[in-house]
There are 2 protein chains.
Amino acid sequence: MSAAPFSRRERQIMDVLFRLGKATAAQVRAAIPDPPSYSAVRAHLRTLEDKGHVRHKAEELRYVYMPAQNPEKARRGALRHLVDTFFPGSPATAVAALLSAHSSELSGRDLDELQTLIDQAREEGR
Amino acid sequence: MSAAPFSRRERQIMDVLFRLGKATAAQVRAAIPDPPSYSAVRAHLRTLEDKGHVRHKAEELRYVYMPAQNPEKARRGALRHLVDTFFPGSPATAVAALLSAHSSELSGRDLDELQTLIDQAREEGR
DNA sequence: CCAGCCGTGCTAGATTTATAGCATTAGGAT
DNA sequence: ATCCTAATGCTATAAATCTAGCACGGCTGG
């Protein structure tokens, strides 16, 4: 369990990897707002790999790094953590906040799908 | 901008404060899974206060700490960060994931409110 | 009164994180 | 073949985090 927490830089790097899916050391560095040296990024990637949070493949003479954990699982964990700390006990508020923050970016099709989910929830809750 | 990053412990402590709203040093310590010494928690709270992330009130002879930032703003920031890193470019997926993860905990009234939000989004998107 | 119990402030030290620089290897071009 | 570029592995050191312990002050009960 223990959810091995990350240091500041490690957290930044893991976030980049989750966002990009996979990336070289240089790409990771480029995606960090206040980037440290290339060397430092590589060192962090190595230690993250040692700890089992990241893995790499050799690709075109380069190393391409990616999160070791199943992305879906990581997403669920992040969601749960966020709901627990910022919307404790009221997931509905979380959904509402998320929805209203992005309402203008949602397509009609998106809204249809959400509609379906809500209808399903009503079915279950009956 | 720069989103002043926290160290591992600082992050843990801030999360507890957001979850509880306000808490004494002892309560913060109790809420941390693998707690450091009471002294260490106090030291962290002090440095967090120096940096302006936390403030305290004297209450019943004790210090009660709370986040300095507007909780609503912090929530919005956390949501945006999560969507950006785990659901880049597809907020709809994020909403869907959140919704299906908690569908069983939502009351009929909750669902009504979400319904309203979706309807509003349709209006706007027209 | 005064001893014991909280609570705080502070400082010094251990531990972890973060960084840079150097050595080495592989490929591609001249 | 040899040089140049671009990548990796490693190690030493700088910087920040994390921690514990001690000193002090105020309340409270005997």
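Nothing here was measured: the structure is a model prediction, and the numbers come from that model. Below, chains carry the letters A, B, ... as their sequence lines are ordered, and counting in each starts from 1. These numbers come from the heavy atoms of this one structure, side chains and all, not from hydrogens, waters or symmetry mates.
- Heavy atoms only, all atoms of each residue included: B/Pro91 and B/Val83 are closest at CA-CG1, 4.3 Å.
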### Task
For A/Ser103 and B/Glu124, run side-chain contact (heavy atoms from CB on, under 4.5 Å): C-alpha distance rounded to whole Å, both residues' side-chain angles, the deciding distance at 0.1 Å, then the answer.
CA-CA 9 Å; A/Ser103 60; B/Glu124 290 173 21; 3.8 Å; yes
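- Protein atom CG of A/Leu45 is 14 Å distant from nucleotide atom C1' of D/dA7, rounded to whole Å.
- Following rounding to the nearest Å, A/Phe6 (CZ) and C/dA18 (P) show an atom-to-atom distance of 12 Å.
- At least one cation-pi condition fails for A/Arg8 and A/Phe6: the charged atom is not both under 6.0 angstrom from the six-membered ring centre and inside a 45 degree cone around its axis.
- If you take NE2 of B/His56 and P of C/dG9, they are 7 Å apart, rounded to a whole angstrom.
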### Task
Could you run through nucleotides 13-30 of chain D and give me one letter per nucleotide, 5' to 3': B if any protein heavy atom sits under 4.0 Å from the base, S if only the sugar-phosphate is that close, - if neither?
----SSBBB---------
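- Atoms CZ (A/Arg62) and P (D/dA7) sit 5 Å apart, rounded to a whole Å.
- Of the possible polar contacts, none joining the A/Asp15 side chain to the A/Gln12 backbone as a donor-acceptor pair under 3.5 Å is found.
- In this structure B/Tyr65 satisfies the ring-ring contact (aromatic ring centres under 6.0 Å, His included) test together with B/His56, sequence neighbours excluded.
- Atom CZ in A/Arg29 sits about 12 Å away from atom C1' in C/dT19, given to the nearest Å.
- Atom CD of A/Glu60 and atom C1' of D/dT8 are 17 Å apart (whole Å).
- Nucleotide C/dA18 holds its P atom 12 Å from the CZ atom of A/Arg11, rounded to whole Å.
- Both A/Val28 and A/Leu20 belong to a common hydrophobic cluster when Ile, Leu, Val, Met, Phe, Trp and Tyr are linked at side-chain heavy-atom distances under 4.5 angstrom.
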